Amino acid sequence: RIRHYKWEVKYEFKSPDCYKKLVITINGQTPGPTIQAQEGDTVIVEVNNSLETENLAIHWHGIRQIGTPWFDGTEGVTQCPILPGDTFKYEFVVDRPGTYLYHAHYGMQREAGLYGLIRVAPNDPEPFAYDLDRSIILNDWYHQNTYEQGAGLSSIPFQWVGEPQSLLIHGKGRFNCSSSPSLSTAICNTSNPECSPFVQTVIPGKTYRFRVGSLTALSALSFQIEGHNMTVVEADGHYVEPFVVKNLFIYSGETYSVLVKTDQDPKRNYWITSNVVGRNRTTPPGLGIFNYYPNHPKRSPPTVPPSPPAWDDVESRLAQSLAIKARQGYIHKPPTTSDRVIVLLNTQNTINGYRHWSVNNVSFSLPNTPYLVALKENIPNAFDPISPPDGYDFVNYDIFNVANNTNATSSNGIYRLKFNTTVDIVLQNANTMNKNNSETHPWHLHGHDFWVLGYGKGKFDMKNDPKKYNLENPIMKNTVAVHPFGWTTLRFRSDNPGVWAFHCHIESHFYMGMGVVFEEGIDRVGNLPSSIMGCGQTKDFHRP
Ligand SMILES: O=C1O[C@H]([C@@H](O)CO)C(O)=C1O
């Protein structure tokens, strides 16, 4: 079947958390409409860029784009941006069931509100039962616009974006307007119906499947439904060997399905909460209402919202990461060895006084000719032909301290992978430029699902740590966290012809250079549609 969508993308004034600002909407909505499809369907999205003076690109997060690498929606990597006034047609097959996301992939547009969910129903029966299926998309929210943030990040002195002003649950939050008395009610108004809390009405005595996705700009979150356990059954479109949590830790770019029984006292409502973890939070919790029918949906629960885990409790988060394994009967065994190991050291750096993030001391910058076109059409000098290194100075680099020399270089060079080989990526975390500080980074790979082979603390040990890899039942994902001062190893097959970004899903971190690009099987890529061209050196190949 074909699922056809027509989207108009534009700026509108909205008050998702009671504070009025410019947001990007799809057909008037943020979050945008949910794409609903069946495994094997073709999804067509005709996007009209009505942003007036701003380019656009939309990425289908978790969809592998097998045979359609040009519709991955990554500006600078797989396509030229969609110009204002233009319409661009994305067309791709959703070949796997599960819960996925979509969002802008141009500059820091995602955090202006261009994001949503993709739900793909399976052809085969699912290995768990539930009565009702609902989605909740989580986000954090800034009042500053993306241009002010971008300018601050690329200034001397560096102006960090700081912690978000609020947390949104399915697009709804609540900023305490009276905390800034200078704000007029025209700008911030807590009685604006746009910022009424998110309500999930439930029928007592049922089992609900909640598909929870996070598209935060910065924050790692702990998600909770007061008084209710959650059984995790799906992660990034793969069935999980079920385990029970009270708090679901979720990183930007991840999706989970959890089963929740509405088996508590039906005479009252309960809190739905999201809280920042992994950073010393200043953002108040996101609050929604878990409304047991027929109680009034706006009736506040009689309790105070449950308190979140300590922000710096890395152990609990690592424990959840380790608990996520492929479900019995749905295990895809990984290859037992790899052909190439790339260790990626994550560091905060300076280049000519500007603050950046780097991988193996190289800070990524996007070329103005998309790699996919440059490589497939053999356009010379479109990007730096030198590949970034496969590792760092393992002997001398101290991951536990601020680097002696924080200087890095900037490049748009990429990794060229031999087609149909097995590649291991070890993400190595390190201290930032601040003392005793290492941050959580969710890394997202385009064009692939990867096996998560292991997580560890401290410096990855090439000799001994691989012996502890889980080769029995590793989960496959498209986004995975590297924890503070830790490492994470993932494995994938370079079997999807195309050019694929792999980057930190924190909006400002990718903007500051925290990413890499992989090319594989470029000679097997089919004819490129001319719709992805028109910028940089692709102008020469543009056929109207
Ligand atoms: O890139 C970042 O900059 C700040 C901080 O390190 C600035 O001092 C921070 O927390 C980041 O993630």
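Remember, it's a predicted structure, so these values are computed and weren't measured experimentally. Just follow the structure's listing: the first ligand is 1, and inside any ligand the first atom is 1.
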Contacting atoms of ligand 1, where contact means under 4.0 angstrom from a heavy atom of Asn434: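 Selected atoms, number and element: 5 (C), 6 (O), 8 (O).
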
Enumerated ligand 1 atoms positioned under 4.0 Å from heavy atoms of Phe158: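 Heavy-atom distances to Phe158 below 4.0 Å select 3 (O), 7 (C).
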
Within-shell test, Arg279 vs ligand 1, heavy atom, strictly < 4.0 Å: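 For ligand 1, residue contact (heavy atoms, under 4.0 Å) with Arg279 is present.
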
Salt bridge present between Arg279 and Glu439 (N-O < 4.0 angstrom):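 Result for this pair is yes, salt bridge flagged.
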
Salt-bridge criterion met for Lys10 and Glu54 (N-O under 4.0 Å):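 Here Lys10 does not pair with Glu54 in a salt bridge, since their nearest N and O are not under 4.0 Å apart.
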
Note the single closest protein heavy atom to [atom], along with its residue, its atom name and the distance in Å.
atom	value
atom 6 (O) of ligand 1	Gln348 NE2, 2.9 Å
atom 9 (C) of ligand 1	Glu439 OE2, 3.2 Å
atom 4 (C) of ligand 1	Trp160 CD2, 3.4 Å
atom 1 (O) of ligand 1	Trp357 NE1, 2.9 Å

Ring geometry between His446 and His59 (parallel below 30°, tilted from 30 to 60°, perpendicular above 60°):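 Ring orientation, 0 to 90° scale: parallel.
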
Could you tell me if [Y] and [X] have a donor-acceptor pair between their side chains, going purely by distance under 3.5 Å?
X	Y	result
His448	Asn496	no
Asn437	Thr432	yes
Glu254	Ser214	no

Sub-3.5 Å N/O-N/O distance, Asn437 and ligand 1: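 No; the residue has no nitrogen or oxygen that sits under 3.5 Å from a nitrogen or oxygen of the ligand.
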
